[in-house]
Number of protein chains: 2
Amino acid sequence: MDALDQKILRELQCDGRISNVALAERVSLSPSACLRRVQELERTGVIRGYRVVTSPERMGRGFAAYVLVGLSSHTKAAQEGFERAMSVAPEVVECHNIAGAFEYLLRVESADLSEYKRFHTEVLGTQSHVHAITSYIVMGSPKDERAT
Amino acid sequence: MDALDQKILRELQCDGRISNVALAERVSLSPSACLRRVQELERTGVIRGYRVVTSPERMGRGFAAYVLVGLSSHTKAAQEGFERAMSVAPEVVECHNIAGAFEYLLRVESADLSEYKRFHTEVLGTQSHVHAITSYIVMGSPKDERAT
DNA sequence: GGTGAAACGTAGGCCGT
DNA sequence: ACGGCCTACGTTTCACC
């Protein structure tokens, strides 16, 4: 992975559907050489894949919150039960197992606050072993490289 | 936005570089009809763009932490100064302005714990108006739809 | 929404460095 | 080992039905 590869990855970050000839031109390479590099990055796993980026608002995901969750039980069964519930909940887009005063950090996306409240009471509130919930409502994201 | 559009978006979520003919086949449409729908989704802003997904480990981003930051000053100047510092820091991949006991939630990615410690002391520690820092180190992410 | 045809891009073989 | 050139093949993209 040299500077040229990084330049290629930067371009694919901005536009993942750029044509190979345009990409080659941007990084000052011939199309064939450029394609070989991209394919090598895909083969070796540096490139995991490509995905579309959609507008959260237009997808009914205009509201976002981060939620710290504390479990009263630290058994494997309790963790697996909670993780299963989160993986099934469509509002939960991220579920991180963290080290510290809480066990989990969630990113929850919904249409609005009332829909979030429903998730809070009906999904999180009904989970056994959940003994602490702290919500941080996102008011804005001055930087979000994972979304752009 | 009907069911067909959502089907198209789901396919583009899995593979953002799928060819139009393959996409058309997957959603049972002719290539031209499919392309028109995709272009309309792009034109109306439902589709924001396309991005490559890279392996964090292979990019020297194997370590991740979430950081709650409290500011001692709530003036516009203090906020803008902090946000500017975060937008410049390459380790900070997300900076969210939140409502609650803290002002900001960051997602920080680095190669390892020692590099994170350097960021913690040299970047966050030197910021004025920062009076509270709480780090949550990510041990795993059972669900992360924004990364896949 | 489907069809067809021209313009364009892809992908692999081959050669030079 | 890596970049550039060439070419058959597939894809995109448009006017038109």
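Here the structure is a predicted model, which means the values were calculated and not measured. Every chain is numbered from 1 and lettered A, B, ... according to where its sequence line falls, protein lines coming before strand lines.
- Contacts classified as ring pair (Phe, Tyr, Trp, His ring centres under 6.0 Å) and involving residues 121-148 of chain A (residues at least two apart or in different chains) are not found.
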Got a list of protein N/O to nucleotides 3-7 of chain D N/O distances below 3.5 Å?
| from | atom 1 | to | atom 2 | distance (Å) |
| --- | --- | --- | --- | --- |
| D/dG3 | OP1 | A/Arg37 | NE | 3.1 |
| D/dG3 | OP1 | A/Arg37 | NH2 | 2.5 |
| D/dG3 | N7 | A/Arg36 | NH2 | 2.9 |
| D/dG4 | OP2 | A/Ser30 | N | 2.7 |
| D/dG4 | OP2 | A/Ser30 | OG | 3.2 |
| D/dG4 | N7 | A/Ser32 | OG | 3.3 |
| D/dG4 | N7 | A/Arg36 | NH2 | 3.4 |
| D/dG4 | O6 | A/Arg36 | NH1 | 3.1 |
| D/dG4 | O6 | A/Arg36 | NH2 | 3.0 |
| D/dC5 | N4 | A/Ser32 | OG | 2.6 |

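- A/Arg146 pairs by the salt bridge (charged side-chain N to carboxylate O under 4.0 Å, His left out) definition with A/Glu94, B/Glu94, B/Asp144, not counting sequence neighbours.
- Think of the region where chain B sits on DNA chain C: with heavy atoms and a 4.0 Å cut, that region ends 5' and 3' at C/dG1 to C/dT3.
- Across residues 38-55 of chain A, not one residue has a non-hydrogen atom less than 4.0 Å from an atom of DNA chain D.
- Enclosure of atom CD in B/Glu25 is not indicated, since only 12 or fewer non-hydrogen atoms of other residues, nucleotides or ligands lie within 6.0 angstrom.
- Residues that satisfy the side-chain contact (heavy atoms from CB on, under 4.5 Å) test with A/Glu145, not counting sequence neighbours, are A/Lys143, B/Val93.
- Counting only residues at least two apart or on different chains, the salt bridge (charged side-chain N to carboxylate O under 4.0 Å, His left out) pairs with a member in residues 68-92 of chain B are B/Glu91-B/Arg118.
- A/Glu109 pairs by the salt bridge (charged side-chain N to carboxylate O under 4.0 Å, His left out) definition with A/Arg61, A/Arg107, not counting sequence neighbours.
- Legend: ring pair (Phe, Tyr, Trp, His ring centres under 6.0 Å) pairs involving residues 90-110 of chain B, not counting sequence neighbours, sorted by first then second residue: A/Tyr66-B/His96, B/Phe82-B/Tyr104.
- Between B/Arg37 and B/Glu40 there is no salt bridge, since no side-chain N of the basic residue sits under 4.0 Å from a carboxylate O of the acidic one.
- Whole-Å rounding puts the A/Asn20 CG to D/dT12 P distance at 14 Å.
- For A/Ala101, the side-chain contact (heavy atoms from CB on, under 4.5 Å) criterion is met by no residue, not counting sequence neighbours.
- Listed by chain and residue number, A/Lys7, A/Ile8, A/Glu11, A/Leu23, A/Leu29, A/Cys34 satisfy the side-chain contact (heavy atoms from CB on, under 4.5 Å) test with A/Val27 (two or more places apart in sequence, or in another chain).
- Between the side chain of A/Asn97 and the backbone N or O of A/Glu103 there is at least one donor-acceptor pair closer than 3.5 Å.
- In A/Glu42, the CD atom is crowded: over 12 heavy atoms of neighbouring residues, nucleotides or ligands sit closer than 6.0 Å.
- Taken over five-pair windows at either terminus, the axes of the helix from C/dG1-D/dC17 to C/dT17-D/dA1 are inclined to one another by 30° (rounded to 10 degrees).
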